Amino acid sequence: MVSLQHRFPFPLEEDRYLYSNNLKPLDPPCCIQVTTEYFDEVAEKRRLLEAHPERCFHALPGTLAAQWEVVDAVVHQLVENYPDCFTIEKRDDEWTFRNLLLNETDRFTFGDASTLPVQPLDWIGRHVQEDLLIMVQRDDDIYLEAGQLCFPSVWSLTFDLGMAFQEIHRPVPWSNELAEKIRRFLLRVEAGKPWTRLNWTLQVGRRLHIPPETFDEWGTARYQVTLENVADEVQFRVEEQCVLRLPGSNALLFSIHTYLKSVGELCDRPDWAHKLYSVLVTLPEQVVTYKGLAAYREQVIDYLGRCL
Ligand code: HEM
């Protein structure tokens with residue numbers, strides 16, 4: 001019986017919040033984390049992909065080569081880092097992939113999409129908790145051209161598909177200089193030297209799938225946060241993101257692993273509670289508005305203040 005690891009990467013280093021290029025070298029160079037939530041989250045991804053394929057998977061023509069490179073990279077990260085959970089056997093291009101956690105065996109011809117039931121990026125994404133996005137690099141820019149996105153934090157793959165890095169980030173209240181600095185950084189990411197960063201926000205309720213398309217289902221909960229329910233209802237949402245160069249196509253893989261911890265659970269770690277409290281107290285209004293926190297920030301500050 002394989003025992004899966006609990007994990008919660010805490011993103012706040014300072015007592016104040018500033019947008020920055022917070023990418024760090026990814027060491028060890030593995031974008032995939034198999035955690036205690038594996039079974040629930042992979043089942044939820046597969047359910048969403050069947051129920052809402054138009055929201056959760058898109059690939060523009062011309063992305064197949066990059067998709068196969070993602071299959072190659074992710075399969076090898078899985079078997080090298082989780083040998084008790086995944087295996088691969090290869091005879092030339094005939095691959096046999098075993099997911100021992102789910103007791104599944106998939107056989108396919110590497111490079112021949114007709115031998116898989118769905119597109120290659122969609123197939124490998126159904127074996128991991130991460131959302132997987134492909135940014136194609138051309139004309140000195142990067143464009144979102146394929147992705148499997150089941151756990152978006154209030155953004156739409158359907159809407160953003162085909163957009164360049166700057167267009168995707170237009171709603172973010174950061175300076176044009178910072179956005180340009182990060183864009184130029186991404187253009188120069190080298191194969192074999194992946195990067196990682198943590199992004200955070202707050203949300204109400206434990207749904208991982210919160211796209212703008214369904215705002216009516218989850219959006220109004222933010223107006224119902226009280227001092228009585230804040231500890232359980234408000235979640236600290238952290239995204240562990242990685243950027244990896246795919247050398248054959250020169251595209252970038254952008255992976256996102258999403259973690260939730262309730263504000264009440266956060267108080268088990270007073271150092272974490274203190275950091276979040278300090279950041280929320282000093283958070284610029286523009287960032288409060290952008291992250292959608294205005295309706296319940298005070299309740300969270302009040303609750304965390306009592307835990308300290
Ligand atoms: C290269 C692939 C990337 C993609 C596809 C991507 C996508 C996105 C999207 C869709 C959003 C939400 C925008 C909205 O509100 O509509 C976002 C927000 C953001 N992104 Fe990225 N991003 C990428 C890389 C990065 C990198 C490398 C950084 C920083 C080094 C970054 C920093 C941010 C920040 C700071 C926000 C605002 C988050 C918040 O305040 O809650 N992104 N990104």
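These numbers come from a predicted model, not from an experiment. Indexing begins at 1, ligand by ligand and atom by atom, following the structure's order.
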Under the rule for ring pair (Phe, Tyr, Trp, His ring centres under 6.0 Å), what residues qualify as partners of H76, not counting sequence neighbours? W95
Which residues pass the ring pair (Phe, Tyr, Trp, His ring centres under 6.0 Å) test with H127, sequence neighbours left out? F97, W123
Salt bridge (Lys or Arg N to Asp or Glu O under 4.0 Å) evaluation trace for R184 with E180: CA-CA 6 Å; R184 298 224 69 86; E180 181 57 13; 3.5 Å; yes
Donor-acceptor under 3.5 Å (E213 side chain, R55 main chain): no
Can you give me a line-by-line list of nitrogen or oxygen pairs between ligand 1 and the protein shorter than 3.5 Å?
unit_1: ligand 1; atom_1: 15 (O); unit_2: Y290; atom_2: OH; d: 2.6
unit_1: ligand 1; atom_1: 20 (N); unit_2: H169; atom_2: NE2; d: 2.9
unit_1: ligand 1; atom_1: 22 (N); unit_2: H169; atom_2: NE2; d: 2.8
unit_1: ligand 1; atom_1: 40 (O); unit_2: Y19; atom_2: OH; d: 2.6
unit_1: ligand 1; atom_1: 40 (O); unit_2: K291; atom_2: NZ; d: 3.1
unit_1: ligand 1; atom_1: 41 (O); unit_2: K291; atom_2: NZ; d: 2.9
unit_1: ligand 1; atom_1: 42 (N); unit_2: H169; atom_2: NE2; d: 3.0
unit_1: ligand 1; atom_1: 43 (N); unit_2: H169; atom_2: NE2; d: 2.8

Side-chain H-bond candidate by donor/acceptor type, E37 with T35, under 3.5 Å: yes
Taking only residues two or more places apart in sequence, or in another chain, which ones meet Y290 in a ring pair (Phe, Tyr, Trp, His ring centres under 6.0 Å)? none
